[in-house]
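Data block below; observations after.
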There are 2 protein chains.
Amino acid sequence: MNAVPHPTIALLQSSSLTTVVQQEIERAILQGEYAPGSKLTEADLAQKLGVSRGPVREAFRMLDEAGLVRTEKNRGVFVRDIPIDEAVEIFDLRASMDELVGRKLAANITPAQLKEIRALVDAMEKAVKAEDAYNYHLLNLKFHDRLVEMAGNSKLTAIYRKLIKELSLFRRLNLADGWLLPISANEHRQILKAIASGDQDAAGRAMFDHAMDSKERTIDNDLRRQARATEGAASKHAKAEHAER
Amino acid sequence: MNAVPHPTIALLQSSSLTTVVQQEIERAILQGEYAPGSKLTEADLAQKLGVSRGPVREAFRMLDEAGLVRTEKNRGVFVRDIPIDEAVEIFDLRASMDELVGRKLAANITPAQLKEIRALVDAMEKAVKAEDAYNYHLLNLKFHDRLVEMAGNSKLTAIYRKLIKELSLFRRLNLADGWLLPISANEHRQILKAIASGDQDAAGRAMFDHAMDSKERTIDNDLRRQARATEGAASKHAKAEHAER
DNA sequence: GTCCATTTGTACGTATGTATC
DNA sequence: TGATACATACGTACAAATGGA
């Protein structure tokens, strides 16, 4: 009988200290414990995690390659702050990938998968009625992640998730634009219908359009936020300019 | 007067030893100096490059994240060997990205850019007539890379190039399928026409179809190659099985 | 089962660059 | 403008653990 490896053992076999450190720093960044722009000091992190500086430096190189931090020579590494231009680029790219997802799903989705997606859409509509923006946000992430995963292209899934991580570093995602949730939820329902119908072009278009709408909502939201900020600064005699850098 | 930094100085400021090492190893891998599957010993590379182990290890982490090597704990790092399933996934993904490129270019390309692309297409047709498959291959890479770059989405460009690098680790690209070059060249001409016409959907479709055709050609080629290999092995009383691992 | 090569992780030293006062 | 403190970059040396022959 071939033994099933104990989970802890399997984990120790696959993960080096470096990868554990990398995952922990990534988790902290994505959960907002280190804000975009903040400095990550290797000695501090090493001490905090109880390891030497070597693994931390290697983890930094991984996070840099993944686009989550930026390294300035002789100055250190900083949590990346995704500029709005790059966010727009990522949104466009994601829309194109989502279009591919929609086509593939319309062609290949199974009844069981369809049922799972339908449950998510139902849950999101409930969250809209309850005006629970936070829960909606989580369900929305899950919905899209599952769709991508179900498309059955692991490379696509990996890159999609990387893009989502980077996007989360874009000035605080707009999980607060409550009045737009019904629109988004309705689009999800349309996506579900198109996929279930088996019409590849329609499903692809539905997902593409949804992604682009989501882009418009997020970007517009950010522009308004910026406008308010600079306006506020102006009314304070432009005192906030020091904080810009 | 604000001085323009001397190029050497600017270079020293941006590139650490680690990044130089990373670029050198990457270059060597992509040029085939280290075949897919071969082992990269950090001490050897460090000595060969005249640096200590630190920068080499950090470069390994970058290359791992980029998908060019794989790290097995306590065993070392190896040049990645892209399996055919993953190559198929990458081709599908690239087709989707190319579709986006086609749409964007049909909408935004400038006359000067169009002229540059036309020159590349002309050059490729000349290479076909001269039956110069190698030169055609180089021009083809350049053609697609320029198109992506001209689409004006730097994130898209970066990811596209990463995918191309990974694909080049897929069992030796088929730059030898000479009799198919006219077909490929003709498709390029069609892409050019569609972009020049300004029809976004047509341009997107032309690029998507071309990418998928390219996939079929490459994958079919590989399957035939594999079939020949196993057939040959069978005729040699399956002696080659040791080489498979 | 032992031996050897290699990797993994730690510790420390020095040089260099940056920031701050 | 120094002078100082600090962090990074890179090298080296050493111990422990692993995997293969």
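This one's a predicted model, so the numbers in the text were calculated from it and none came from an experiment. Every chain is numbered from 1, with letters handed out A, B, ... down the list of sequences. As a basis for the values below, the full set of heavy atoms in this structure was taken, side chains included, without hydrogen atoms, waters or symmetry mates.
A salt bridge does not link B/R61 to A/E65: none of the charged side-chain nitrogens sits closer than 4.0 Å to a carboxylate oxygen.
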Test log, rule salt bridge (charged side-chain N to carboxylate O under 4.0 Å, His left out), inputs B/E99 and B/R103 | CA-CA 6 Å; B/E99 182 176 19; B/R103 288 177 186 161; 3.2 Å; yes
Pair up each side-chain donor or acceptor in residues 46-54 of chain A with any protein partner under 3.5 Å, not counting sequence neighbours, and list the distances.
from, atom 1, to, atom 2, distance (Å)
A/R53, NE, A/E42, OE2, 3.0
A/R53, NH2, A/E42, OE2, 2.7

Per-nucleotide protein contact along nucleotides 3-16 of chain D, 5' to 3', at a 4.0 Å heavy-atom cut-off (B base, S sugar-phosphate only, - neither), is ----SBBSBB-B--
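Residues passing the side chain to side chain contact (heavy atoms under 4.5 Å, CB included) test with B/R70 are B/E72, B/F78, B/R80, sequence neighbours excluded.
No donor-acceptor pair closer than 3.5 Å links the side chain of A/E58 to the backbone N or O of A/T18.
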